[in-house]
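Sequential numbering from 1 along the given sequence is applied to the chain's residues.
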Amino acid sequence: MSSTPTASTLVSTSPCPCGSERNFGDCCAPIIAGTTPAPDAEALMRSRYTAHVVHDTRYLDRTYLPTAKLAPSGDVAPPATKWVKLVINRHDAQVRPGVSHVDFSAHFTENGTAGVMHEKSEFELIDGRWFFTRTLRQGPAPVVAAAKVGRNDPCPCGSGKKYKKCCG
């Protein structure tokens with residue numbers, strides 16, 4: 001496994017840690033630097049993940065609504081968590097005006113043990129800028145059981161027969 005990039009090892013031509021398959025300089029770097037606003041909630045989520053990878057706590061503070069207008073927090077020692085991979089499971093754009101949801105899985109290692117943080121987060125567009133506002137759910141989405149097939153319903157196998165005369 002390759003080592004996790006840091007702010008000092010990541011250059012504009014490096015693959016972006018967010019998993020977009022774009023170069024860092026064309027993907028998250030301008031968003032983190034503040035020269036380009038995140039075009040949508042998914043782009044902000046990807047840039048926040050990248051900021052975790054490179055330990056940019058100031059960017060994380062600027063893009064989290066409760067801390068966005070506070071004085072920047074002091075630099076802290078890098079955590080033991082090494083972020084390895086981001087997977088965007090679903091991006092629900094505009095669930096209501098100016099609000100989007102992103103469901104993601106962030107893979108990590110901590111003290112030599114691999115793990116996955118699965119979360120659904122809410123993002124809000126305020127004055128043309130996206131902010132992370134809150135966590136809606138931690139863990140994978142609940143599984144919804146399929147409706148039970150009745151005896152006289154068409155068979156789900158597609159035969160055209162009633163369930164009781166086919167697979168039932």
Side-chain angles (χ1 to χ4, degrees), residues 3-12 14-111 113-144:
S3 63
T4 304
T6 63
S8 60
T9 62
L10 209 53
V11 295
S12 64
S14 299
C16 194
C18 78
S20 67
E21 298 184 4
R22 296 170 55 202
N23 288 338
F24 176 62
D26 297 328
C27 190
C28 291
I31 297 171
I32 292 171
T35 58
T36 303
D40 57 27
E42 181 179 338
L44 182 68
M45 177 61 235
R46 289 182 179 280
S47 68
R48 285 181 53 82
Y49 171 82
T50 299
H52 278 288
V53 170
V54 299
H55 312 296
D56 188 339
T57 57
R58 291 173 190 221
Y59 177 73
L60 295 170
D61 287 345
R62 282 194 325 265
T63 57
Y64 179 44
L65 192 58
T67 59
K69 294 189 179 188
L70 301 176
S73 64
D75 290 329
V76 294
T81 304
K82 302 287 185 202
W83 297 100
V84 179
K85 177 175 80 170
L86 175 68
V87 176
I88 302 294
N89 302 313
R90 184 179 174 123
H91 174 207
D92 297 319
Q94 301 295 325
V95 292
R96 56 185 190 273
V99 176
S100 294
H101 297 163
V102 179
D103 187 299
F104 66 93
S105 300
H107 298 254
F108 64 90
T109 60
E110 192 169 73
N111 300 322
T113 304
V116 179
M117 181 183 83
H118 193 137
E119 185 175 293
K120 182 175 183 179
S121 297
E122 183 174 80
F123 296 83
E124 191 171 341
L125 183 64
I126 301 171
D127 297 329
R129 291 180 49 213
W130 283 99
F131 293 90
F132 165 57
T133 56
R134 64 189 177 122
T135 299
L136 297 172
R137 182 193 72 244
Q138 290 184 331
V143 176
V144 179

Close side-chain approach of W83 to V53, heavy-atom, < 4.5 Å: yes
Show me the side-chain donor-acceptor pairs of residues 99-108 shorter than 3.5 Å, one per line, residues at least two apart or across chains.
| unit_1 | atom_1 | unit_2 | atom_2 | d |
| --- | --- | --- | --- | --- |
| S100 | OG | Q94 | N | 3.0 |
| H101 | NE2 | E122 | OE2 | 3.4 |
| D103 | OD1 | N89 | ND2 | 3.0 |
| D103 | OD1 | H118 | NE2 | 2.7 |
| D103 | OD2 | R137 | NH2 | 2.3 |
| S105 | OG | N89 | ND2 | 3.0 |
| S105 | OG | H118 | ND1 | 3.3 |

Salt bridge (charged side-chain N to carboxylate O under 4.0 Å, His left out) partners of residues 28-50, not counting sequence neighbours, each pair once: E42-R46
Side-chain heavy atoms of I126 within contact of L65, under 4.5 Å: yes
Reported CG-to-CD1 distance for the pair L44 and I32, which is rounded to 0.5 angstrom: 10.0 Å
Flag side-chain contact, heavy atom, 4.5 Å: T50 against Y59: no
Approximate separation, where rounding is to 0.5 Å, of W130 CH2 and M45 CE: 14.0 Å
Spacing of CG belonging to D26 relative to SG belonging to C16, to within rounding of 0.5 Å: 9.5 Å
Shortest non-hydrogen contact between G25 and P30, atoms and distance: O-CD, 3.4 Å
Flag side-chain contact, heavy atom, 4.5 Å: L10 against P17: yes
Distance in Å, R62 CZ paired with K69 NZ, rounded so as to fall on 0.5 Å steps: 14.5 Å
Distance (rounded to the nearest 0.5 Å) between L125 CG and T133 OG1: 11.5 Å
From L70 atom CG to Y64 atom OH, the distance as rounded to the nearest 0.5 Å: 11.0 Å
